[in-house]
Amino acid sequence: MVQRTLAILKPDCVRKNFTGKVIDQIVNAGFKIVGMKMVTMDAKTAGEFYAVHKERPFYKSLVEFMSSGRCIPLVLEKERAIEDFRELIGATDPAEAESGTVRKLYAESKQDNIVHGSDSQENAVTEIHFFFSERELIPNS
Ligand code: IDP
Ligand code: MG
């Protein structure tokens, strides 16, 4: 089934100029980019995006990190996009990520881990709409 997932190139990715390399890896893995923008989230917005983690000890630091600079939300389309993108990026902690994954290649810590990927169909829909309106995602060729 063709699915859509939400990716975010996080502020560390943009700051370190890995944007081009990571997008190249995403496209080479067969994902079609159907939405892309650059945003800077304030703390309130970053906190809302990660609200599911608000009781976790790393939440405050995560919100500071995610609102520390520009990031790039992407809507990606592919067969099994959600699962395949999680595989492409690797484990949350780069020390545990498989070789060749985005996080293994570029991430420096469990928090500063370069990229976000939706973890379920339901969350993908919610997260896509967090950043993109329907009219920005009109299906085309
Ligand atoms: P995921 O991004 O692989 O889905 P989640 O558990 O959903 O990982 O956590 C969301 C984000 O919170 C991670 O990508 C990472 O930036 C940060 N994070 C998760 N666990 C930790 C931790 O133990 N310490 C610091 N930051 C963390
Ligand atoms: Mg997650």
Side-chain angles (χ1 to χ4, degrees), residues 1-140:
M1 184 182 55
V2 175
Q3 295 178 323
R4 286 179 170 187
T5 191
L6 182 87
I8 306 174
L9 307 186
K10 295 183 177 184
D12 56 336
C13 183
V14 175
R15 235 178 339 255
K16 293 171 174 172
N17 288 322
F18 292 142
T19 299
K21 288 189 173 74
V22 174
I23 289 177
D24 204 39
Q25 190 169 351
I26 291 169
V27 170
N28 286 338
F31 293 87
K32 182 171 162 187
I33 299 172
V34 299
M36 175 160 71
K37 59 176 66 171
M38 181 173 267
V39 302
T40 305
M41 289 191 275
D42 59 18
K44 182 170 177 285
T45 306
E48 275 170 32
F49 183 78
Y50 276 123
V52 64
H53 293 307
K54 65 174 177 292
E55 305 303 332
R56 308 286 285 277
F58 58 81
Y59 179 69
K60 186 166 174 282
S61 173
L62 174 62
V63 168
E64 278 169 20
F65 166 55
M66 290 301 292
S67 58
S68 69
R70 286 182 281 274
C71 59
I72 302 178
L74 300 159
V75 181
L76 304 175
E77 196 173 83
K78 186 184 176 298
E79 282 283 324
R80 290 198 335 164
I82 295 163
E83 193 181 334
D84 285 2
F85 191 69
R86 295 286 301 195
E87 198 175 314
L88 184 75
I89 66 179
T92 308
D93 185 345
E96 291 164 17
E98 297 280 332
S99 66
T101 59
V102 174
R103 283 165 167 172
K104 186 62 163 195
L105 285 166
Y106 303 114
E108 76 173 47
S109 71
K110 192 170 183 183
Q111 175 182 277
D112 295 17
N113 63 358
I114 297 288
V115 64
H116 168 83
S118 305
D119 65 3
S120 69
Q121 175 67 50
E122 190 191 352
N123 287 340
V125 170
T126 306
E127 291 175 2
I128 286 168
H129 289 119
F130 190 89
F131 290 105
F132 295 89
S133 66
E134 279 306 323
R135 67 180 180 183
E136 290 173 310
L137 299 171
I138 294 165
N140 60 23

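We're numbering straight along the sequence, starting at 1. In listed order, ligands and their atoms are each counted from 1.
Backbone and side-chain nitrogen or oxygen atoms of Asp112 are examined, and none is located within less than 3.5 angstrom of a nitrogen or oxygen of ligand 1. Taking distance alone, with nitrogen or oxygen atoms compared against 3.5 Å, His116 stays at or beyond that limit from ligand 1.
Residue-environment remark: NZ (Lys54) stays at or below the threshold of 12 foreign heavy atoms within 6.0 Å.
Counting only N and O atoms by type, the side chains of Thr45 and Asp42 include a donor and acceptor under 3.5 Å apart.
When the options Asn113, Thr92, Ile114 are ranked by their closest heavy atom to atom 8 (O) of ligand 1, first place goes to Thr92. The residue among Phe58, Tyr59, Phe49 with a heavy atom at the shortest distance from atom 27 (C) of ligand 1 is Phe58. Nearest-residue assignment for atom 11 (C) of ligand 1 (options Leu62, Ile8, Ile89, Val115; heavy-atom criterion): Leu62.
Taking the ring axis of Phe132 as reference, the NZ or CZ atom of Lys37 stays within 45° of it and closer than 6.0 Å to the ring centre.
When ring centroids are compared, Phe49 and Phe130 come within the 6.0 Å threshold.
Remark: minimum distance from atom 2 (O) of ligand 1 to any protein heavy atom is reached at Arg103 NH2, 3.0 Å. From the protein, the heavy atom lying nearest to atom 16 (O) of ligand 1 is Gln111 O, 2.8 Å. Of all protein heavy atoms, the one closest to atom 4 (O) of ligand 1 is Arg86 NH1, 2.8 Å. His53 NE2, 3.0 Å is the protein heavy atom nearest to atom 7 (O) of ligand 1. Here the protein heavy atom with the shortest distance to atom 15 (C) of ligand 1 is Lys110 O, 3.2 Å.
Of the inter-residue distances, the one linking Phe85 atom CZ with Gln3 atom CD reads 13.5 Å to the nearest 0.5 angstrom.
Heavy atoms of Phe65 found under 4.0 angstrom from ligand 1: none, in either backbone or side chain.
Ion pairing of Glu83 with Arg86 is absent here, as no side-chain N (NZ or NE/NH1/NH2) approaches a carboxylate O to less than 4.0 Å.
Partners of Arg70 by side-chain hydrogen bond (donor to acceptor under 3.5 Å, both in side chains), not counting sequence neighbours: none found.
For residues 101-123, every residue pair satisfying the salt bridge (charged side-chain N to carboxylate O under 4.0 Å, His left out) rule, not counting sequence neighbours, is listed here: Lys16-Glu108.
Using modelled atom types, no side-chain atom of Thr101 and backbone atom of Leu88 make a donor-acceptor pair closer than 3.5 Å.
Under a 4.0 angstrom heavy-atom cut-off, Met66 registers as lying outside contact with ligand 1.
Of all the atoms in ligand 1, the ones that sit under 4.0 Å from a non-hydrogen atom of Tyr50 are 10 (C).
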